[in-house]
There are 2 protein chains.
Amino acid sequence: MLDFAVLGLLMERPRHGYELKRALGELGFWRVSFGSMYPSLRRLEKRGAIEATTGTGRRKSYAITEAGRATFAALLAADPDANETDRAFQVRLAFLGHLPQEQRVKILEERRNRLSSQLKTARETLVDARTASKNTDRYRLALMEHAMRSTEADISWLDGLVASERRTATA
Amino acid sequence: MLDFAVLGLLMERPRHGYELKRALGELGFWRVSFGSMYPSLRRLEKRGAIEATTGTGRRKSYAITEAGRATFAALLAADPDANETDRAFQVRLAFLGHLPQEQRVKILEERRNRLSSQLKTARETLVDARTASKNTDRYRLALMEHAMRSTEADISWLDGLVASERRTATA
DNA sequence: TAAAGCATGTAAGAGGTTACATGATTGG
DNA sequence: CCAATCATGTAACCTCTTACATGCTTTA
């Protein structure tokens, strides 16, 4: 996961660890720690996916290798397992630009469909929870309702992204 | 985290492991695995926070003890550290009914304020990312914008909850 | 010249998951 | 009677965090 994100950021240009941490944080959904970042760089270097070149001062600038590009492409295109976390999807989305339009749409639609079926289940659970006999705690009901609305918002956001893909494709 | 959630569910009535897993899943935000659930029950039992009584068939029904209630109350009332995860907040919220109204409002408002300052940072980062010179990837922009809108929605949801607390207080 | 931020790194541990193993109970 | 679901449990592992340790560089 982290290794994938690091490769993705290095696809654009070489960066050093500190900078990678910051860049990832700025994406908004993942504030990774140094205790996570540096071991990741070590792993990737050992695998031959990235190469270090000493930069200014203490800095170690890392660049992606050909092997690294291949690994990245494979990870990006691999179809996600059913349990893909929100974060895993967000990371993929952040690097979606490296994929051809056709595959982008596929990934967006798969995500959309997964959320859709989640939503269906959530709706059923909620209907059940609302039956008077269960008298579910009001905070739990609030939580469930809010989760439902959030998922609905996510779905229409994805619909928007798909629509925009199709527009740019025909344009 | 999980231990806390388990205690919370057992505050209402005794349950067995399988049932606890299901109940947690129905809350919508946490599908915990058995490999996580059973060790949790083991830990809590060892600490004296819960007690097992064999029920129907293979079932082991767990009930919360006095010590367990004390632990639960302490965890629920403890003010959250700055890095409280979304899930940690959601779990607290699920059990907010066990707290007096005054503390409920405090927790909701603290959460609201934390999200508010997060939103401020996110907004600044976004403005920065949109400057033409940076020409940020469009998918990353979409991600950041969506995250912002989600946070805004969360904040107004919390505002609604606080307002409803105040209404019931004066009623 | 001191504080704040830049920069790299390791060790220990928290907190989960997956895969495996076992077996009872219920419904078509 | 067979499949699905109920039910409990362990071992290996994964991924990330916290806390610690170190030292450079910029700026008020």
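What you see is a predicted model; the values in this text were computed from it and never measured. All chains are named by letter (A, B, ...) in the order of the sequence lines, taking the proteins before the strands, and each is independently numbered beginning at 1.
The nearest whole Å value for the distance from the CZ atom in B:R43 to the P atom in D:dT10 is 12 Å. In this structure, CG of B:L2 is placed 15 Å from P of C:dA14, rounded to the nearest angstrom. Protein atom CG of B:D3 is 8 Å distant from nucleotide atom P of C:dG15, rounded to whole Å. Between the P atom of D:dA11 and the CZ atom of B:F34 lies a distance of 18 Å, rounded to the nearest Å. Taking atom OH of B:Y38 as the reference point, atom P of D:dA7 lies 8 Å away to the nearest angstrom. Straight-line distance from the CE atom of A:M1 to the P atom of C:dT17: 17 Å, rounded to whole Å. One can place CE of A:M37 at 11 Å from P of C:dG9, the figure rounded to the nearest angstrom. Distance, A:E45 CD to C:dG9 C1': 13 Å, rounded to whole Å.
Considering only side-chain N and O atoms, B:S36 lies under 4.0 angstrom from the phosphate OP1 or OP2 of C:dT17. Taking 4.0 angstrom as the limit, B:R58 places none of its side-chain polar atoms (N or O) nearer than this to OP1 or OP2 of C:dT25. Look at A:K21 and you won't find any side-chain N or O under 4.0 angstrom from OP1 or OP2 of C:dA7. Between C:dG15 and B:R87, no contact under 4.0 Å exists linking OP1 or OP2 to a side-chain N or O. Contact annotation: A:R31 side-chain N/O to D:dT17 OP1/OP2 distance is not under 4.0 Å. The side chain of B:R59 contributes no N or O atom lying less than 4.0 Å from OP1 or OP2 of D:dC6.
Looking at the side chain of A:R42, the nearest of the listed nucleotides D:dT17, D:dG9, C:dG9 is C:dG9. You'll find that the side chain of B:S33 is closest to C:dT17, out of D:dT5, C:dT17, C:dT10. Comparing C:dA7, C:dT8, D:dC6 by their nearest atom to the side chain of A:K60 picks out C:dT8.
Base contact: B:G35 has a heavy atom under 4.0 Å from a base atom.
Residues B:R111 and B:D86 form a side-chain contact, since some pair of their non-hydrogen atoms from C-beta on lies under 4.5 Å apart. Annotation: side chain of A:D137 is not in contact with side chain of B:F95 (no heavy-atom distance under 4.5 Å).
Relative orientation of the A:H146 and B:W157 rings is parallel, given thresholds of 30° and 60° on the angle between their planes. The aromatic rings of B:F72 and B:H98 sit perpendicular, their planes meeting at an angle over 60°, well past the 30° parallel limit.
To the nearest 0.5 angstrom, B:E109 atom CD is 9.0 Å from B:D159 atom CG.
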